[in-house]
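To keep things clear, I will list the structure first and then write my remarks on it.
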Protein chains: 2
Amino acid sequence: MAVTDEAIEKIKGMIVSGALRPGDRLPKESELAAELGLSRNSLREAVRALSLIRILDVRQGDGTYVTSLDPQLLLEALSFVVDFHRDDTVLEFLAVRRILEPAATAMACARIDDAALDALGAQLDALGPRPSVEELVACDLEFHRRIVQAAGNSVLCSLLDGLSGPTTRARVWRGLTQEDAVSRTLHEHRAILGALRDRDVEAARSWATVHIASVEQWLRSTL
Amino acid sequence: MAVTDEAIEKIKGMIVSGALRPGDRLPKESELAAELGLSRNSLREAVRALSLIRILDVRQGDGTYVTSLDPQLLLEALSFVVDFHRDDTVLEFLAVRRILEPAATAMACARIDDAALDALGAQLDALGPRPSVEELVACDLEFHRRIVQAAGNSVLCSLLDGLSGPTTRARVWRGLTQEDAVSRTLHEHRAILGALRDRDVEAARSWATVHIASVEQWLRSTL
DNA sequence: CCCGTCGATACATCCGATGTATGGCCTCAT
DNA sequence: ATGAGGCCATACATCGGATGTATCGACGGG
């Protein structure tokens, strides 16, 4: 194995074993390079790679640190990878989202508190009667993110965030051509919120399914 | 933004825009570096980072190529990230798997063909009466992978593969302390296979849920 | 006590040189 | 004519050093 890959594995090992904890600072480049037995250039390649997937955080003039390693950082790495996939796999991503989103909504139904419900309602109200496509998509993303956060599973939250990215992008690209898509989306959001307010788990799950399915159907017809 | 990050974005852009297609060969280091306006060392950092997440494939003495970009490569990058998460988040990963696995099993129920069913049965039969923990875990992993593959969604398949990794690892670490865990696992596998054979979607989904839930319960009690 | 300056530190970037693995071509024996 | 083997050009791998630049903390003036 190449020295750089070795270095990646060693740094990974130091973190996984607990020798390096989240927030810890790594020895400076030259020292770490000497310690691992390679040149600074090669070490930098390893550090850069781990930095791309948010394992390390390098700050010029300061040092290199281990990130929080929150599952949330999984999101960014995931969405980066997801960006490389073309339209033909977007439907597969959406199919996965169709599985996760209703489940997350159902989980949220039992856990979401009144303050969060009010915040959701306020967010929907904040959207004007004739929103732009960008506004609508941003609102949609935020609406679902808040609900999933209420489900209390950060892995699930990050995953859905990463999966929603490409869908959203596809939607913006295509420009939401369907006439009634806007009003239908808003109506479905209201319905989901209503089910959450009623603590009606099955209704929440069903509305979430309908919501994703309608996006899927639209995407399939325009793709 | 740093020159290396710029280079990463530019290379990403070349791939996403279609200027570079899967399997294409990149210009050699020195040329690409000149083209992007940076040094070879900095370019190498960018290439190394993209290589870690399986976007690029560098072959010494040959050249640097764009990988197939199959969703399957998402798997490896994901599992690499997942490795960094400690036991306390394993339950969250398992909760997500508990959502996905039953859905995938249900999808497979409608699509799996007889040959695949026979292969599943043969695989279960191949396991001896007193398998080692490693054998059992490997069998479990393979069993579920085959089913999920039959579901026909490569994104879902890769995702579950990545999620199953840490669970499996935790299971091996803990050594499957529960006495009847082995026989119960085998029994549940048989039940899932039986439901698939009967084309009984709801039974398949339920058995898959029970299966994951039992792992979850066990993990929760030993953690 | 607050704020601006200055210097030490550490990463950012580059250059040039050498090592090494790969693939293809060429030669030679059969 | 064909196949095996070796030779060589190519491209990545790795290194060491030099210089630029951002950050943080100490110090001193207002």
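Letters go in sequence order (proteins before strands), and every chain restarts at 1.
Rounded to whole Å, the distance from CG on Leu36(A) to C1' on dC15(D) is 16 Å. Residue Glu29(A) contributes atom CD, which lies 14 Å from atom C1' of dC14(C) at whole-angstrom precision. Rounded to whole Å, atom P of dC11(C) lies 16 Å from atom CG of Asp5(B). In this structure, CD of Glu45(A) is placed 9 Å from C1' of dT14(D), rounded to the nearest angstrom. Atom-to-atom, CG of Leu43(B) to P of dA12(C) comes out at 16 Å; the value is rounded to the nearest Å. The distance from atom NZ of Lys28(A) to atom P of dC24(D) is 17 Å, rounded to the nearest whole Å. Taking atom CZ of residue Arg25(B) and atom C1' of nucleotide dG24(C), one finds them 12 Å apart after rounding to whole Å. dG17(D) atom P lies 17 Å from atom CZ of Arg44(A), rounded to whole Å.
Nearest to the side chain of Ser42(B), among dA10(C), dC15(D), dT13(C), sits dT13(C). Comparing dC12(D), dA10(C), dT13(C) by their nearest atom to the side chain of Thr64(B) picks out dC12(D). Counting only heavy atoms from C-beta on, Ser39(B) has its side chain closest to dC15(C) among dA11(D), dA10(C), dC15(C).
Although no hydrogens or angles enter the test, the distance criterion places no donor-acceptor pair under 3.5 Å between the side chain of His211(B) and the main chain of Thr185(B). At distances below 3.5 Å, at least one donor-acceptor pair connects side-chain atoms of Asp113(A) with backbone N or O atoms of Ala116(A). A distance-only check finds a donor-acceptor pair linking the side chain of Asn153(A) to the backbone of Glu92(B) [under 3.5 Å].
Between His189(A) and Phe143(A), the ring planes lie parallel to each other; the angle is under 30°, not in the 30° to 60° tilted range.
Here Arg48(B) does not pair with Glu45(B) in a salt bridge; the nearest charged N to carboxylate O distance is not below 4.0 Å.
Using a 4.0 Å heavy-atom cutoff across all strands shown, Arg40(B) reaches at least one base atom of the nucleic acid. Residue Asn41(B) is in base contact, counting any heavy-atom pair closer than 4.0 Å across all strands shown. Within the 4.0 angstrom heavy-atom criterion, only backbone atoms of the sugar-phosphate kind lie near Thr4(B); the bases stay farther away.
Positionally, the nearest nucleotide of DNA chain D for Leu38(A) lies more toward the 5' end than for the other of Asp62(A) and Leu38(A).
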